[in-house]
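Structure record follows, encoded as structure tokens.
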2 protein chains.
Amino acid sequence: MDKSATVSKRAYDRFCPLSLALDQVGERWTLHIIMALMNGPKRYSELKRHLAGAGTNILSDRLRRLAGGHIVGRSTGQAPGSETTYHLTERGAALASVIGALATWGIDLLSGTETGEPQVFDRTWTIDPSTETINETYQWSIDGIEFELAAHDRQLTRTPGRAARPVVKFKTSKAIFASILTGEVSVAEAVEAGEVRFKGSRQALRRMFSVLGFPFVRVGY
Amino acid sequence: MDKSATVSKRAYDRFCPLSLALDQVGERWTLHIIMALMNGPKRYSELKRHLAGAGTNILSDRLRRLAGGHIVGRSTGQAPGSETTYHLTERGAALASVIGALATWGIDLLSGTETGEPQVFDRTWTIDPSTETINETYQWSIDGIEFELAAHDRQLTRTPGRAARPVVKFKTSKAIFASILTGEVSVAEAVEAGEVRFKGSRQALRRMFSVLGFPFVRVGY
DNA sequence: CAGAATCCGAACCGATACTG
DNA sequence: CAGTATCGGTTCGGATTCTG
């Protein structure tokens, strides 16, 4: 029946901006959908691939709810069989500040302050089916914290310390990396300004950001 | 069998600042706890009252997890029977930008763009046990959208239109209200600058913000 | 085949009862 | 007061099925 009108029973129901915001975008995967749509409209199947790990019912539910809140819109071409795409409305695009704040806060966690143990991340969501299997390692240094990132099959493993034979070495500060992620500055510009140092081919650099899930990073070469 | 029988706490497990941030503060109630602690350390029971609607096990779990992430700290006085309090660490205080972004985005939702129907909010979390029952209405106007807020028992009802006999009339713009909520400006200063208009006693104004769940608002009189 | 609904086992949430 | 234990209901995640 009319499911679009039903609100999650698990709403906060408070007269409070934080609560009302979280009632709309606080559920699991919702902000990930928004972030995926920040780089332009996407089809259902593209979103599904990008949200690897979430069930198709979740994606369907979130999109319905977001459409009901006028956060995303659904565009269907008029040609029969033409694709349907989802895009952010103005209200949805305004969530950039929220995602920006969360991502900025989360940058510290990329380095893994907890010492020692290697950590395995899911990487299926960054896999571009048009490219072949990637199997390489990168050397990172952020604010002096060094670690190796090893892309292997559908996993990405982060290990503290130096990498054996990295394809790319990448060194910068947390603040600079943040402004690279937000698109404020390109990697090339940051290198120019002496705020990023990297070794490796430009092609590998570009591929690295794709593999890591930052395809939107402006490499700038 | 073929899939790893991991402890599978529902984490995103992505090498992505947004995902890692949400792994730490994306669960239900977590950001509400952070916001509650923004106004200073609190005891377990205070938090429990402020989080009316969440089970005590949830609060316990969230605090444990937040402590593990060095986002909140636990302080126990050395005197026997002294209270234990929870407070934000520096890392936790850095979440102010996240909460600020969400709250700013959520301000639009306070007015209730969805037409017509009155909406009922839970108000138990704003009830100060030391004060007696409150039963009064306020007239709000934000960016020209008028609505009545009626505090009744443990509910708060928002109704579009004008209130019958409000104790307080409050009129401002969304932007100004945002800066009042963030503490950037006091109500008195905004009135001074002609950006807020209100009618009613200053005492009632102060009480209104408490009843609505904004006890931290600097009235400034 | 893309888009979406349905079903089901498992994890999670919320409320109450209970313990030190 | 500060939690822990437990239980029923809800939500999630994955596979499958349906529909044009």
Side-chain angles (χ1 to χ4, degrees), chain A residues 1-4 6-14 22-23 26-30 32-33 41-68 72-87 122 124-125 129 154, chain B residues 1-14 22-23 26-33 41-67 72 74-77 79-87 122 124-125 129:
Chain A
M1 298 301 163
D2 186 11
K3 292 180 187 170
S4 62
T6 48
V7 177
S8 169
K9 176 113 197 304
R10 218 179 263 181
Y12 292 108
D13 283 332
R14 293 181 172 195
L22 289 176
D23 278 342
E27 280 181 308
R28 198 161 162 69
W29 292 113
T30 301
H32 283 265
I33 296 176
K42 290 200 169 38
R43 304 226 300 270
Y44 188 90
S45 51
E46 295 180 86
L47 286 172
K48 193 167 76 173
R49 180 168 52 77
H50 201 271
L51 264 64
T56 173
N57 56 339
I58 297 298
L59 176 56
S60 172
D61 174 82
R62 297 299 184 271
L63 286 174
R64 193 184 313 122
R65 206 175 292 250
L66 288 171
V72 310
R74 182 181 317 228
S75 307
T76 310
Q78 41 275 71
S82 69
E83 67 237 28
T84 322
T85 63
Y86 295 88
H87 62 91
D122 177 28
T124 55
W125 63 288
R154 25 186 52 152
Chain B
M1 283 293 185
D2 62 326
K3 289 280 183 174
S4 59
T6 54
V7 196
S8 98
K9 63 176 182 140
R10 212 158 351 194
Y12 293 108
D13 283 331
R14 294 180 172 196
L22 290 176
D23 277 343
E27 279 179 310
R28 198 160 161 68
W29 291 114
T30 301
L31 281 178
H32 284 265
I33 296 176
K42 289 198 169 41
R43 307 230 301 269
Y44 189 90
S45 53
E46 295 179 87
L47 286 172
K48 194 167 76 172
R49 181 167 52 76
H50 200 272
L51 264 65
T56 173
N57 57 338
I58 297 297
L59 176 55
S60 172
D61 173 82
R62 296 301 184 271
L63 285 174
R64 195 181 310 124
R65 205 175 293 249
L66 288 171
V72 310
R74 182 181 321 225
S75 308
T76 310
S82 69
E83 66 236 29
T84 321
T85 63
Y86 294 89
H87 61 90
D122 178 28
T124 55
W125 63 288

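In what follows, chains carry the letters A, B, and so on, assigned in the order in which the sequence lines appear, proteins first and then strands, with residues in each chain numbered from 1.
- With respect to A:Glu27 and A:Arg65, a salt bridge is recorded, a charged nitrogen being found less than 4.0 Å from a carboxylate O.
- Checking the phosphate oxygens (OP1, OP2) of D:dC12, no side-chain nitrogen or oxygen of A:Trp29 falls inside 4.0 Å.
- At the phosphate of C:dG3, OP1 or OP2 sits under 4.0 Å from a side-chain N or O atom of A:Arg43.
- Atom P of nucleotide C:dA15 and atom CG of B:Leu59 are separated by 13 Å, given to the nearest angstrom.
- Note on B:Ser60: every side-chain N or O is 4.0 Å or more away from OP1 and OP2 of D:dG3.
- Backbone-only engagement by A:Ser45 is indicated by non-hydrogen atom pairs under 4.0 Å involving sugar-phosphate atoms exclusively.
- The side chain of A:Arg10 has C:dC13 as its nearest neighbour among C:dC13, D:dG13, D:dA5.
- Neither OP1 nor OP2 of C:dG3 sits under 4.0 Å from any side-chain N or O of A:Arg74.
- Between the NZ atom of A:Lys48 and the C1' atom of C:dA5 there is a distance of 12 Å, given to the nearest Å.
- When the side-chain nitrogen and oxygen atoms of A:Tyr86 are compared with OP1 and OP2 of C:dA4, one or more of them lie within a distance under 4.0 Å.
- Nucleotide C:dG14 holds its P atom 10 Å from the CG atom of B:Leu51, rounded to whole Å.
- Separating the CD atom of B:Glu46 from the P atom of D:dC1 is a distance of 10 Å, rounded to the nearest angstrom.
- One interatomic measurement links the two molecules: CD1 of A:Ile58 to P of D:dT10, which rounds to 16 Å at whole-angstrom precision.
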Criterion side chain to side chain contact (heavy atoms under 4.5 Å, CB included) on B:Tyr12 and B:Leu22, from CA distance to verdict: CA-CA 8 Å; B:Tyr12 293 108; B:Leu22 290 176; 3.8 Å; yes
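- The phosphate of D:dG3 (OP1 or OP2) has no side-chain N or O of B:Arg62 nearer than 4.0 angstrom.
- As rounded to whole Å, 19 Å separates atom C1' of D:dG14 from atom CZ of A:Arg49.
- From B:Arg10, atom CZ reaches atom CG of B:Asp23 across 12.5 Å, with rounding to the nearest 0.5 Å.
- The aromatic rings of B:Tyr86 and B:Tyr44 sit tilted relative to each other, their planes meeting at an angle between 30° and 60°.
- Across the protein-nucleic acid pair, B:Lys42 atom NZ and D:dC1 atom P stand 16 Å apart, rounded to whole Å.
- OP1 or OP2 of D:dT4 sits under 4.0 Å from a side-chain N or O of B:Arg64.
- In this structure, B:Asp122 contributes its side chain and A:Arg14 its backbone to no donor-acceptor pair below 3.5 Å.
- Residues A:Thr85 and A:Asn57 both approach DNA chain C. Their nearest nucleotides, taken by heavy-atom distance, put A:Thr85 toward the 5′ side.
- Rounded to an integer number of Å, the gap from A:Glu27 CD to D:dG13 C1' is 15 Å.
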